[in-house]
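One structure below.
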Amino acid sequence: MRQPAIIANWKMYKTLTEAEEFLQRFPEALGHVSGIEMIICAPFVALASLSRQMEGTSLILGAQNMHWEKEGPFTGEISPLMLREVGVRYVILGHSERRKHFGEDDEIVNKKIKSAFSFGLSPILCVGESLEQRERGQTEAVLAQQVRKALHGLHPREEEMLSRLIVAYEPVWAIGTGKPAGGEDAERAAEVIRTALQDQVGRELPEKIRVLYGGSVNEENVTDFTTRPAIDGALVGGSSLKEQSFARMIQAVYHERRG
Ligand code: PGA
C-alpha cells in the first residue's frame, strides 16, 4: 500500500513571518490525522526556521526548486547540499512554472532529479500537458516523454532510492485556473505515468512510486482524486496557503480513507 501524500506548494507566497504564523496555527486547525504524509514546500528563506518549527510534528519540509550542483559560481542559486543541511527532505522539480518562466527543459530536470537523489533528497517530479497539447490529442505522449526524459540514466537497481520519487500529474491548463481536471482524466493520466515509469525502471518498482494529481485542488474536490486507486494524493497550490483550507483538505482525505 502506498501512503497518500498531500503536498503544499506555496510558490512565491508568504514572507518568513507569514510562514511561521501558518505553522503555529496549523496543528490546531488540523486536529488528529494519521497515515497521510504532509509535506510543505516553502520559499527558500523560510526553510531553516520552518525546519526547527516542524521538529516533533508530523509535517515534512520540502523546497520548490534547486540547482543540480553541490556548490559553485551560480549566483542566486541554491544547492541540494544547502537544502539537506537545513532539514529539507523533498524538492519539487520540473514544475510547469519553472519550465515556462525559467526555461527549464527535460534535460535540466533530469540533472536535478539525479542530483536530488544523490544528496538524499526525494524529488517531486511535475509533468503535465499544455492546453494546446491536450487539444491536439498529445497528452499521453507528452506525459510519457516527460517521465522518460526526467528519469533518463537512472537504474532500476537503485530501488530504495527510486521508490522515494513522487510524480505529480499537473496539467498546465488546470494550475491556478480554478478548473481542475476531471477525476477520470486524472486517473487515466496517472496510469499513463505509471506505465511510463515501468518502461523506464521495470514492472515492480513503480508500484511503490506515488503518483499525485495537482491543479486547482481544493477541500471540496480533493477526494474526487484521492479516491481513485491510481492517485496517491495531491499537490496543492492556492488552497494550501490558508491553514484552515489546507487542514480541511487533509481531514477530508483522512476521513475518506478511514471509510
Ligand atoms: P494550484 O497550483 O493548486 O493553485 O492550481 C498547483 C501547483 O501549481 O502545484
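What you see is a predicted model; the values in this text were computed from it and never measured. Side chains included, hydrogens not; waters and symmetry mates left out as well; all remaining heavy atoms used.
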| field | Side-chain cluster (under 4.5 Å, hydrophobic types only) that Val172 belongs to, other residues | value |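 Answer for Val172: none, a lone residue.
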| task | List, by chain and number, the other hydrophobic cluster members for Ile7, where Ile, Leu, Val, Met, Phe, Trp and Tyr join if side-chain heavy atoms come within less than 4.5 Å, directly or indirectly. | result |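 Listed partners: Ile39, Ile60, Tyr90, Ile92, Ile124, Ile166, Leu212, Leu235.
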| message | Between Lys11 and Glu97, does any NZ, NE, NH1 or NH2 come within less than 4.0 Å of an OD or OE carboxylate oxygen? | response |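 Yes, this pair counts.
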| Does Lys149 come within less than 4.0 Å of Asp105, counting only side-chain N to carboxylate O? |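 The answer is no: the pair does not qualify as a salt bridge.
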Any heavy-atom pair between the side chains of [Y] and [X] that's under 4.5 Å?
X: Val91; Y: Ser122; answer: no
X: Val109; Y: Ile113; answer: yes
X: Trp173; Y: Ser130; answer: no
X: Val167; Y: Arg210; answer: no
X: Ser239; Y: Met249; answer: yes
X: Trp10; Y: Pro43; answer: yes

| Exercise: do Glu170 and His95 side chains pair donor with acceptor under 3.5 Å |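 Yes, His95 and Glu170 have a side-chain donor paired with an acceptor closer than 3.5 Å.
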Are any side-chain N or O atoms of [X] and backbone N or O atoms of [Y], one a donor and one an acceptor, separated by less than 3.5 Å?
X: Ser216; Y: Ile175; value: no
X: Tyr213; Y: Ala181; value: yes
X: Arg2; Y: Asp232; value: no
X: Asn218; Y: Asn221; value: yes

| message | For the CD atom on Gln3, are there more than 12 heavy atoms of other groups (residues, nucleotides or ligands in this structure) within a distance under 6.0 Å? | response |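 Atom CD in Gln3 is packed in, count exceeds 12.
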| request: Might you confirm whether atom CZ of Phe74 has over 12 heavy atoms from other residues, nucleotides or ligands at distances under 6.0 Å? | output: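 Buried by this count: over 12 neighbours within 6.0 Å.
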| query | Which residue pairs pass the side-chain hydrogen bond (donor to acceptor under 3.5 Å, both in side chains) test when at least one of the two sits in residues 42-53, sequence neighbours left out? | reply |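 Residue pairs passing side-chain hydrogen bond (donor to acceptor under 3.5 Å, both in side chains), neighbours aside: Glu20-Ser49.
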| Which pairs count as side-chain hydrogen bond (donor to acceptor under 3.5 Å, both in side chains) when at least one residue sits in residues 108-120, sequence neighbours excluded? |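 Those involving residues 108-120 are Asn65-Lys112, Glu104-Lys112, Asn110-Lys114.
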Hydrophobic clusters here meaning ILVMFWY residues chained together by side-chain heavy-atom distances under 4.5 Å, can you tell me if [X] and [Y] are in one?
X: Leu61; Y: Leu16; result: no
X: Ile6; Y: Leu241; result: yes
X: Leu121; Y: Met82; result: yes

| task | Establish, for the pair Arg257 and Tyr254, whether the NZ or CZ atom is under 6.0 angstrom from the six-membered ring centre and no further than 45 degrees off its axis. | result |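 No, Arg257 does not sit over the ring of Tyr254.
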| Got a sec, which residues hit ring pair (Phe, Tyr, Trp, His ring centres under 6.0 Å) with Phe44, two or more places apart in sequence or on another chain? |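 For Phe44, no residue satisfies ring pair (Phe, Tyr, Trp, His ring centres under 6.0 Å) once neighbours in sequence are set aside.
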| Partners passing ring pair (Phe, Tyr, Trp, His ring centres under 6.0 Å) against Trp68 (at least two apart in sequence or in another chain) |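 Ring pair (Phe, Tyr, Trp, His ring centres under 6.0 Å) check on Trp68 returns nothing, list empty.
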| said: For Tyr169, give me all partners under side-chain hydrogen bond (donor to acceptor under 3.5 Å, both in side chains), at least two apart in sequence or on another chain. | reply: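 Listed in chain order: Glu129.
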Can you sort out the partners of [X] under side-chain contact (heavy atoms from CB on, under 4.5 Å), two or more places apart, ordered by chain and number?
X: Glu18; answer: Lys14, Thr15
X: Leu59; answer: Leu23, Phe26, Met38, Ile40, Met54, Thr57
X: Leu81; answer: Lys70, Ser79, Arg84, Phe119

Under 3.5 Å, sequence neighbours excluded: what are the donor-acceptor pairs made by side chains of residues 183-191?
unit_1 : atom_1 : unit_2 : atom_2 : d
Asp185 : OD2    : Arg134 : NH2    : 2.7
Glu187 : OE1    : Arg228 : NH1    : 3.3
Arg188 : NE     : Glu140 : OE2    : 3.1
Arg188 : NH2    : Glu140 : OE1    : 3.4
Arg188 : NH2    : Glu140 : OE2    : 3.4

Using a 3.5 Å cut-off and no angle test, enumerate the donor-acceptor pairs between side-chain atoms of residues 150-162 and protein atoms at least two apart in sequence or in another chain.
unit_1 : atom_1 : unit_2 : atom_2 : d
Glu158 : OE1    : His155 : N      : 3.3
Glu159 : OE2    : Lys208 : NZ     : 2.5

